[in-house]
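Here's the structure, in structure tokens; my notes come after.
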Amino acid sequence: MSAPSFGAGRGEPYFHHLARRHPATLSLRSADGSFRPLDAGSWVRPAGRADLTVLDRVAGPVLDIGCGPGRMLHAAGRRSLPALGIDVASHAVEHARRAGALVLRRSVFDRVPLEGRWRSVLLMDGNIGIGGDPEALLRRCAQLAAPDGEMLVEVDADPEVAIVDRCTLVDADGRESSPFPWARVGWSAVSAVAAAADLAVVEHWHAAGRHFVRVVRPARVPPRETASPIAATAASTAQMTASAMP
């Protein structure tokens with residue numbers, strides 16, 4: 001994507017967050033000057049109870065979009081679920097790879113291995129905000145998913161919120177990123193966004209104060225012509241993605 005990436009540029013607060021021993025305090029600052037604290041510590045800790053409720057619903061192979069340091073990938077591996085992560089932040093990709101996760105530095109809007117074959121596509125930690133266009137992002141996720149695939153999306157706890165903004169990432173030490181487009185979508189408002197993308201929300205649940213939805217192609221939408229999903233094995237996922245690794 002041509003727009004600045006999450007937390008990149010200027011003070012690089014996201015880079016410093018991943019580089020330090022103790023998690024930093026990070027917030028999103030909106031164009032109007034308001035701040036929204038982020039649970040950035042959870043990004044570098046092992047998957048928690050709420051994360052595991054998502055993995056309880058997935059089938060492999062799994063694509064984690066905006067995977068960050070890779071906690072969901074590591075948790076998927078412990079369940080023998082083949083999983084690939086993509087992220088545009090080089091330091092996040094390196095962090096995840098050092099811990100043994102299979103990750104590509106890649107925008108979701110660029111070419112992605114196994115397009116049309118992923119059984120589960122994850123948008124965690126509010127990543128439905130990527131690019132500031134949730135409808136376009138969900139359409140892209142549907143292109144990546146298998147005909148019977150699903151999107152598991154973490155959404156905002158405020159049910160009706162639907163905001164597109166230009167934000168910066170800031171930390172407690174005063175570091176601030178370059179502005180980037182971002183969006184927030186609540187667990188009720190996401191139904192209209194999904195419908196605009198020719199998709200349907202079929203489940204909503206919450207755990208540990210976090211909210212999630214499961215998004216699928218509605219039965220009335222004909223499946224796209226695409227290759228059949230591959231066998232869900234870690235070896236096949238690694239083999240198919242190895243050529244794309246830098």
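Just so it is clear, the model here is predicted, and its values are computed rather than measured.
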Point to revise | Derivation and outcome, side chain to side chain contact (heavy atoms under 4.5 Å, CB included), residues R105 and V88 | key: CA-CA 5 Å; R105 185 182 180 192; V88 296; 5.5 Å; no
**Study point:** Worked check of side chain to side chain contact (heavy atoms under 4.5 Å, CB included) between V202 and V215
**Key:** CA-CA 6 Å; V202 294; V215 181; over 6 Å; no
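- Taking 4.0 Å as the cut-off between side-chain N and carboxylate O, D56 and R79 count as a salt-bridged pair.
- Cluster annotation: V161 is not connected to L137 through the hydrophobic network of ILVMFWY side chains, with a link wherever side-chain heavy atoms come within less than 4.5 Å.
- In this structure, the side chain of H17 does not engage the main chain of L26 through any donor-acceptor pair within 3.5 Å.
- Shown are I128, L144, L84; of these, the side chain to side chain contact (heavy atoms under 4.5 Å, CB included) with I65 is made only by L144.
- For residues 5-17, no pair satisfies salt bridge (charged side-chain N to carboxylate O under 4.0 Å, His left out), with sequence neighbours left out.
- Partners of T168 according to the side-chain hydrogen bond (donor to acceptor under 3.5 Å, both in side chains) rule, which considers only residues two or more places apart in sequence or in another chain, are E176.
- Minimum heavy-atom separation, E115 to D110: OE2-O, 3.9 Å.
- Scanning all heavy atoms of the two residues, the minimum distance from V62 to W118 falls at O-CZ3, 3.3 Å.
- Hydrophobic clustering keeps V216 apart from V54 (ILVMFWY residues linked when any side-chain heavy atoms are closer than 4.5 Å, directly or through intermediates).
- Between A50 and A207, the shortest heavy-atom distance links the atoms CB-O, 3.5 Å.
- Look at R139 and E135 and you find a salt bridge, because one of the NZ, NE, NH1 or NH2 atoms lies within 4.0 Å of a carboxylate O, short of that distance.
- Atoms CZ and CZ, from R166 and R29 in turn, are 13.0 Å apart once rounded to the nearest 0.5 Å.
- V185 and I163 fall into different hydrophobic clusters, where Ile, Leu, Val, Met, Phe, Trp and Tyr residues are linked whenever their side-chain heavy atoms come under 4.5 Å apart, directly or through other members.
- Checked against salt bridge (Lys or Arg N to Asp or Glu O under 4.0 Å), D171 has the following partners two or more places apart in sequence or in another chain: R175.
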Practice item. Would you check, one step at a time, whether the test salt bridge (charged side-chain N to carboxylate O under 4.0 Å, His left out) holds for E150 with R119? Key: CA-CA 6 Å; E150 301 178 334; R119 294 288 304 283; over 6 Å; no
Exercise for review: Could you walk me through whether F212 and V153 pass side chain to side chain contact (heavy atoms under 4.5 Å, CB included), step by step?
Suggested key: CA-CA 5 Å; F212 308 90; V153 184; over 6 Å; no
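- Under a 4.0 Å N-O distance rule, the pair R217/D148 does not qualify as a salt bridge.
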Point to revise | side chain to side chain contact (heavy atoms under 4.5 Å, CB included) assessment of V103 paired with I86 | key: CA-CA 6 Å; V103 184; I86 59 173; 5.9 Å; no
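- Put simply, the side chain of S120 does not reach to within 4.5 Å of the side chain of L81, judged on heavy atoms.
- One N or O on the side chain of S177 and one on the backbone of L169 form a donor-acceptor pair closer than 3.5 Å.
- Remark: S191 pairs with V201 by the side-chain contact (heavy atoms from CB on, under 4.5 Å) rule, at least two apart or across chains.
- Residues satisfying the side-chain contact (heavy atoms from CB on, under 4.5 Å) test with N127, not counting sequence neighbours, are L123, I130, W182.
- Evaluated for a salt bridge (charged side-chain N to carboxylate O under 4.0 Å, His left out) with R71, the options D64, D39, D125 yield exactly one hit, D125.
- In terms of the ring-ring contact (aromatic ring centres under 6.0 Å, His included) criterion, residue partners of H204 (sequence neighbours excluded) are, by chain and number, W187, H211.
- Remark: C141 SG to L63 CG distance equals 8.0 Å, nearest 0.5 Å.
- For the pair A189 and A162, the tightest heavy-atom approach, listed with the atom from each and the gap, is CB-CB, 4.3 Å.
- Annotation: side-chain contact (heavy atoms from CB on, under 4.5 Å) contacts of R57 (sequence neighbours excluded): T53, L152, E203, W205.
- Under a hydrophobic clustering in which Ile, Leu, Val, Met, Phe, Trp and Tyr are joined whenever their side-chain heavy atoms come within less than 4.5 Å, directly or via other members, V170 and F180 fall into different clusters.
- When the side-chain contact (heavy atoms from CB on, under 4.5 Å) test is applied to D32, the partners found at least two apart in sequence or on another chain are S30, S34.
- Summarising the geometry of A136 relative to F109, their closest heavy-atom pair is O-CE2, 4.0 Å, with the distance given to 0.1 Å.
- For residues 80-105, every residue pair satisfying the ring pair (Phe, Tyr, Trp, His ring centres under 6.0 Å) rule, not counting sequence neighbours, is listed here: Y14-H91, F15-H91.
- Between the side chains of S188 and E160, at least one donor N or O sits under 3.5 Å from an acceptor N or O.
- A donor-acceptor contact shorter than 3.5 Å is absent between the side chain of D87 and the backbone of V93.
- If you chain together hydrophobic residues whose side chains sit under 4.5 Å apart, L122 and L52 fall into the same group.
- The hydrophobic cluster of V164 has no other members, since no ILVMFWY side-chain heavy atom comes under 4.5 Å of it.
- Considering every non-hydrogen atom in both A92 and L18, the closest pair reads CA-CD1, 3.6 Å.
- Taking the salt bridge (Lys or Arg N to Asp or Glu O under 4.0 Å) definition, one finds that D156 meets it with R36, R184, sequence neighbours left out.
- A donor-acceptor contact shorter than 3.5 Å links the side chain of R140 to the backbone of V108.
- Atom CZ in R78 sits 9.0 Å away from atom CG in L55 (nearest 0.5 Å).
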